[in-house]
Undergrad: 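My questions all concern the structure below.
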Amino acid sequence: MTRKTGELKKRCWLAKQRLKMGYFDSLKQENRQDENMQIGTPIAEYSMRVNRLAEVAASTSAADEKMYRKVCDILDSSEIALNPIGQLIERDVYDGLDATGKQRYVLELSEKFRELQERYYRERTGS
C-alpha cells in the first residue's frame, strides 16, 4: 500500500513541478503559434520552411554535409546511378575492416544514403 502512495506522491510532485515551470503555458503558446502558422500566408509558409531547414542543418555534422553533397552530385547527374553506395564508400576505411565490419559499414552507409536521399527530395520539392 505504501508503495502505491509513494508512487502517487511522486507523480503529484512531478505534476506540480510542471505547473510551476510553466509547462502547460508553453504548450498553449506553441499551439497558438502552430495555429497562426497554418493560416497559409506566404510569410508563414516561408518561415516554416526556413525553420525546418535550420533544424535539419543543426542536426547534421560536417561529415554528413560532405556526404550530402556527394549524394546531391549522384542524384543531380543526368545518368542513372547503378551503384550509389559504391560511389560513397571511402576505400581507405573500407579496406581496413574485416568481413563483418565491411557488412556493417555498407549497411550503415546505405541507411545514411536513404536518409540523405529523402532529404534531397524534400528540399527539391519543398515539402
Undergrad: Hey, could you give me the CG/CG distance between Leu116 and Leu109, rounded to the nearest 0.5 Å?
TA: 9.5 Å
Undergrad: Can you name the salt bridge (charged side-chain N to carboxylate O under 4.0 Å, His left out) partners of Glu111, sequence neighbours left out?
TA: Arg114
Undergrad: Answer yes or no: is there an ion pair linking Glu7 with Arg11, defined by an N-O contact shorter than 4.0 Å?
TA: yes
Undergrad: Are any of the side-chain heavy atoms of Lys70 and Gln87 separated by less than 4.5 Å?
TA: no
Undergrad: Could I get the full list of side chain to side chain contact (heavy atoms under 4.5 Å, CB included) partners for Asp76, not counting sequence neighbours?
TA: Cys72, Tyr120, Arg124
Undergrad: Indicate if Leu88 and Leu107 have the same hydrophobic cluster label, given that clusters are the connected sets of ILVMFWY residues with side-chain heavy-atom separations under 4.5 angstrom.
TA: no
Undergrad: Calculate, to the nearest 0.5 Å, the distance between atoms OH and NZ belonging to Tyr68 and Lys112 respectively.
TA: 12.5 Å
Undergrad: Closer than 4.0 angstrom, basic N to acidic O: yes or no for Glu123 and Arg119?
TA: yes
Undergrad: Cluster question for you: counting only ILVMFWY and a side-chain heavy-atom cut-off of under 4.5 Å, with indirect links fine, are Ile85 and Leu75 together?
TA: yes
Undergrad: Atom CD1 of Ile74 and atom CZ of Arg69: how far apart are they, to the nearest 0.5 Å?
TA: 13.0 Å
Undergrad: For residues 96-104, run the donor-acceptor check on the side chains, cut-off 3.5 Å, and write out each pair with its distance to 0.1 Å, sequence neighbours left out.
TA:
{"residue": "Asp98", "atom": "OD1", "partner": "Gly101", "partner atom": "N", "Å": "3.0"}
{"residue": "Asp98", "atom": "OD2", "partner": "Thr100", "partner atom": "OG1", "Å": "3.3"}

Undergrad: Do the side chains of Met67 and Phe113 get nearer than 4.5 Å, heavy atoms only?
TA: no
